[in-house]
J.: 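Below: one structure in structure tokens.
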Amino acid sequence: MPHRSRPMSRYEPSSGQPASRKVVKFMTAGTIGAALLVLSGLTLTGTVIALVVATPVLVLSSPILVPAAIVVFLVASGFFFSSGCGLAAIMVTLWIYNYVTGKHPPGADKLDYAGGRIAETAKDMKDRAKECGQNVRQKVQESSHTQTS
């Protein structure tokens with residue numbers, strides 16, 4: 001069987017690098033990982049200590065903090081909601097401007113297709129209404145002829 005070269009996976013050692021360079025990379029990654037793990041542990045410890053120290057203060061001031069937090073939440077959510085609505089209005093206005101000026105914004109083809117379908121359906125409904133009106137006239141005329149006879 002001929003020797004086939006297969007693509008090297010991420011986890012296979014690359015043969016193009018010397019072993020000392022691989023060791024240096026491994027040691028660097030291990031050192032950075034260990035340092036980040038130590039920092040993570042220190043952050044967790046500091047958070048737990050701060051929570052233990054702050055709990056009595058939070059419990060004593062909760063009649064003030066809870067309503068204040070609710071007010072802050074409502075004000076912030078109202079601000080974000082109104083900002084979002086304003087941004088949406090600006091974007092819609094910009095889209096309509098681009099559509100009217102013929103710049104073909106995204107989704108314009110779907111809007112044109114939907115408008116065509118609505119016009120087609122309206123024309124079909126108009127034709128059906130005319131047919132129904134003519135049928136009703138015919139039946140009224142037939143019934144008036146049969147009553148006069």
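Nothing fancy with the numbering, it's 1 onward along the sequence. Side chains are part of it too, since the values below use all heavy atoms of this structure and drop only hydrogens, waters and symmetry mates.
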J.: Please report the shortest heavy-atom distance between Ser62 and Pro67, naming the atom on each side.
T.: O-CD, 3.9 Å

J.: Walk me through whether Tyr99 and Asp112 qualify under side-chain contact (heavy atoms from CB on, under 4.5 Å).
T.: CA-CA 10 Å; Tyr99 181 75; Asp112 293 338; 2.3 Å; yes

J.: Indicate, with yes or no, if Val59 and Val53 share a hydrophobic cluster defined by side-chain heavy-atom contacts under 4.5 Å among Ile, Leu, Val, Met, Phe, Trp and Tyr.
T.: no

J.: To the nearest 0.5 Å, tell me how far Glu120 CD sits from Arg117 CZ.
T.: 6.0 Å

J.: Report whether Val66 and Leu74 are members of the same hydrophobic cluster (ILVMFWY, side-chain heavy atoms less than 4.5 Å apart, transitive linking).
T.: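 Linked, Val66 and Leu74 end up in one cluster.
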
J.: Any non-hydrogen side-chain atom of His104 less than 4.5 Å from a side-chain atom of Asn98?
T.: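 Heavy-atom side-chain distance check fails, nothing below 4.5 Å.
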
J.: Could you check Leu111 against Trp95 for side-chain contact (heavy atoms from CB on, under 4.5 Å), going step by step and ending with a plain yes or no?
T.: CA-CA 12 Å; Leu111 183 66; Trp95 188 92; 3.5 Å; yes

J.: Using modelled atom types and a 3.5 Å cut-off, is there a donor and acceptor pairing between side-chain atoms of Ser40 and backbone atoms of Leu36?
T.: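 No.
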
J.: If you round to the nearest 0.5 Å, how far is CD1 of Ile49 from CG of Leu44?
T.: 10.0 Å

J.: Please name the pair of heavy atoms, one in Leu39 and one in Thr43, separated by the smallest distance, quoted to 0.1 Å.
T.: O-OG1, 2.8 Å

J.: Within the structure provided, determine whether Asn135 and Gln138 are in side-chain contact (heavy-atom separation under 4.5 Å).
T.: yes

J.: Quick check for you: to the nearest 0.5 Å, what is the distance between Gln134 atom CD and Gln141 atom CD?
T.: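 Gln134 atom CD to Gln141 atom CD measures 10.5 Å (nearest 0.5 Å).
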
J.: About how many Å separate OG1 of Thr55 and CG of Leu60, when rounded to the nearest 0.5 Å?
T.: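 With rounding to 0.5 Å, CG (Leu60) is 11.0 Å from OG1 (Thr55).
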
J.: Contact between Leu51 and Thr47 at the side-chain level, heavy atoms closer than 4.5 Å - yes or no?
T.: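 Leu51 does not reach Thr47 side chain to side chain.
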
J.: Locate the shortest heavy-atom distance separating Val57 from Ser61; write the atom from each residue and the value.
T.: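 For Val57 and Ser61, the tightest heavy-atom pair comes out as O-OG, 2.7 Å.
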
J.: State yes or no: do Val24 and Met27 share one hydrophobic cluster built from I, L, V, M, F, W and Y residues joined by side-chain heavy-atom distances below 4.5 Å, directly or via other members?
T.: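 Each belongs to a different hydrophobic cluster.
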
J.: Could you state the interatomic distance from CZ (Arg128) to CD (Glu131), rounded to the nearest 0.5 Å?
T.: 8.5 Å

J.: Rounded to the nearest 0.5 Å, how far does OG of Ser144 lie from NZ of Lys139?
T.: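 With rounding to 0.5 Å, NZ (Lys139) is 14.0 Å from OG (Ser144).
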
J.: Provide the closest heavy-atom pair for Ala89 versus Thr93 in the form atom of the first, atom of the second, distance.
T.: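 Closest approach of Ala89 to Thr93: O-OG1, 2.7 Å.
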
